[in-house]
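Below is one structure; the comments refer to it alone.
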Amino acid sequence: MLQVLNHPLITHKLTHMRKKETTTKDFRENLDEIAELMAYEVCRDLPVKPVEIETPMAKTTGYELSREVVIVPILRAGIGLLDGIRRLVPTAKVGFIGMYRNEETLEPVEYFAKFPKNLEEAITMIVDPMLATGGSACDAITAVKNRGAKNIKLVCLVGAPEGVKAVQEAHPDVDIYLAALDEKLNEIGYIVPGLGDAGDRIFGTK
Ligand code: PRP
Ligand code: URA
């Protein structure tokens, strides 16, 4: 399942992020706000369980989340989505996977992994602003599956058709959420029109 979240507020903020003159501060703040808006939609189908509660007026049945949520940002750029999602799901646990793309081969290289223990039962959200060739996302999904994750959502800001296809072919069971599906990849593996290098723009490293 691919869902492109065409909400006017998301599109407005993303357009600001795309502009080359947008500052690091503005880029980061808009990404944080979009993460929160996306989380609202991504969490729409989280399972709930009935609980008996007592209000000041009466006993009643309420509903609480019945499964743990684990957010897994792909380092570095995925960190930019973490706080916004955690504001909506403050009980979520967080795993990390560190990956960078070899700029020549475009193959992802894993350099760090640390996950909470409960992945079998959890809803696992892998988050990264950019889904380009899909190599990083596919490897991150494999990494959480190897640790037992079964219910996996991939949450990205901007995706290329090539990356979506790669994930759908390698992991057809994973739901993909994007704020925008862009036109294509260029010859050096960057998304066009995209927004440039997400990690560099979040952390001001270029
Ligand atoms: C970027 C981005 C994704 C990856 C997408 O990370 O944040 O993780 O590239 O490309 P792919 O779909 O072709 O794998 P990058 O390698 O630039 O590392 P960084 O987050 O540390 O900047
Ligand atoms: N990684 C990025 O940060 N941007 C792209 O366009 C592609 C990969």
Side-chain angles (χ1 to χ4, degrees), residues 2 4 11 13-32 34-35 38 42 71-85 94-115 124-145 152-172 174-206:
L2 167 67
V4 182
T11 310
K13 291 172 195 297
L14 176 57
T15 298
H16 189 55
M17 291 178 69
R18 288 184 191 274
K19 294 176 192 165
K20 63 180 180 194
E21 67 272 20
T22 295
T23 62
T24 298
K25 175 177 180 288
D26 272 7
F27 189 92
R28 211 174 43 235
E29 287 175 359
N30 278 274
L31 178 59
D32 179 64
I34 291 177
M38 289 187 79
V42 171
I71 308 167
V72 179
I74 302 180
L75 304 178
R76 289 177 302 168
I79 291 278
L81 291 160
L82 178 60
D83 285 349
I85 301 176
V94 181
F96 290 97
I97 185 154
M99 280 193 183
Y100 67 86
R101 285 200 314 178
N102 177 313
E103 294 296 334
E104 258 119 58
T105 63
L106 299 183
E107 291 296 320
V109 181
E110 183 181 321
Y111 60 88
F112 183 77
K114 180 88 181 168
F115 299 104
T124 302
M125 286 183 199
I126 297 179
V127 304
D128 190 326
M130 310 308 279
L131 179 62
T133 66
S136 305
C138 284
D139 281 12
I141 293 166
T142 300
V144 296
K145 282 185 174 173
I152 302 167
K153 296 172 183 286
L154 175 66
V155 184
C156 301
L157 193 64
V158 180
E162 294 89 333
V164 170
K165 185 163 176 277
V167 174
Q168 285 176 331
E169 283 177 5
H171 300 288
V174 172
D175 292 336
I176 306 171
Y177 299 84
L178 299 176
L181 179 59
D182 274 13
E183 194 187 323
K184 60 177 183 185
L185 292 181
N186 69 9
E187 59 288 351
I188 55 165
Y190 275 75
I191 301 175
V192 179
L195 45 72
D197 188 302
D200 285 341
R201 297 201 67 184
I202 293 167
F203 298 109
T205 40
K206 223 172 238 174

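When a ligand or atom number is given, it counts from 1 through the structure's own listing order.
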Practice task
Considering the heavy atoms of Met130, write down every atom of ligand 1 situated less than 4.0 Å from one of them.
Solution key: 2 (C), 3 (C), 5 (C)
Completion exercise
Among Val127, Leu75, Thr133, Asp200, the residue with a heavy atom nearest to atom 11 (P) of ligand 1 is Thr133
Problem - Ion pair check, Arg18 and Asp182, cut-off under 4.0 Å - result: yes
Handout entry: Side chains of Ile85 and Met125 in contact at under 4.5 Å (non-hydrogen atoms)
Key = yes
Problem - N or O pair under 3.5 Å between Ala77 and ligand 1 - result: yes
Problem - pair Ile141-Val167: side-chain heavy atoms closer than 4.5 Å - result: yes
Exercise for the section: For ligand 1, find out whether one of its N or O atoms is nearer than 3.5 Å to an N or O atom of Tyr100. Expected result: no
Problem - Any Gly189 heavy atom less than 4.0 Å to ligand 2 - result: yes
Exercise for the section: Under 4.0 Å, heavy atoms only, figure out whether ligand 1 is touched by the backbone of Ala198, its side chain, both or neither. Expected result: neither
Fill in the blank from the handout: Restricting to heavy atoms, the pick from Ser136, Gly199, Gly134, Pro73 nearest atom 12 (O) of ligand 1 would be Gly134
Problem - Nearest neighbour in protein (non-hydrogen) for atom 8 (C) of ligand 2 - result: Arg101 NH2, 3.4 Å
Exercise for the section: Would you confirm whether Arg201, through its side chain, and Gly196, through its main-chain N or O, come within 3.5 Å as a donor-acceptor pair? Expected result: no
Handout entry: Nearest non-hydrogen protein atom, atom 15 (P) of ligand 1
Key = Arg101 N, 4.3 Å
Practice task
Give a yes or no on whether Tyr100 atom OH has more than 12 heavy-atom contacts from other residues, nucleotides or ligands under 6.0 Å away.
Solution key: no
Handout entry: Identity and distance of the protein heavy atom lying nearest atom 6 (O) of ligand 2
Key = Ile191 N, 2.8 Å
Practice task
Give the residue and atom name of whichever protein heavy atom lies nearest to atom 17 (O) of ligand 1, and the separation in Å to one decimal.
Solution key: Asp197 OD2, 3.9 Å
Problem - Residue, atom name and distance, where the atom is the protein heavy atom closest to atom 5 (C) of ligand 2 - result: Tyr190 CD2, 3.4 Å
Problem - Glu104 atom CD, over 12 foreign heavy atoms within 6.0 Å - result: no
Handout entry: atom 2 (C) of ligand 1 touched by protein (heavy atom, under 4.0 Å)
Key = yes
Practice task
Under 4.0 Å from a heavy atom of Ala132: give me the atoms of ligand 2 that qualify, with their elements.
Solution key: 7 (C), 8 (C)
Practice task
Just need the protein heavy atom nearest to atom 21 (O) of ligand 1, so name the residue and atom and give the distance.
Solution key: Arg76 NE, 3.0 Å
Exercise for the section: Taking the side chain as every heavy atom from C-beta outward, state whether Ile126 and Ile74 have any pair of such atoms under 4.5 Å apart. Expected result: yes
Practice task
Can you confirm whether something in the protein, heavy atoms only, sits under 4.0 Å from atom 6 (O) of ligand 1?
Solution key: no
Practice task
Kindly indicate whether the side chain of Glu110, heavy atoms from C-beta on, has any atom under 4.5 Å from the side chain of Ile97.
Solution key: yes
Practice task
Starting from atom 3 (O) of ligand 2, find the nearest protein heavy-atom neighbour and note its residue, name and distance.
Solution key: Ala198 N, 2.8 Å
Exercise for the section: Taking the side chain as every heavy atom from C-beta outward, state whether Ile202 and Arg28 have any atom pair closer than 4.5 Å. Expected result: yes
Practice task
Locate the shortest heavy-atom distance separating Leu14 from Ala180; write the atom from each residue and the value.
Solution key: CD2-CB, 3.5 Å
Practice task
Give yes or no for whether the N/O distance cutoff of 3.5 Å, strictly under, is met between Gly196 and ligand 2.
Solution key: yes
Handout entry: pair Val94-Pro73: side-chain heavy atoms closer than 4.5 Å
Key = yes
Fill in the blank from the handout: Among non-hydrogen protein atoms, atom 18 (O) of ligand 1 lies closest to Met99 O, 3.9 Å
Handout entry: Arg76 and Asp200 ion-paired at < 4.0 Å
Key = yes
Fill in the blank from the handout: Contact region, Asp128 to ligand 1, non-hydrogen atoms below 4.0 Å, reads side chain
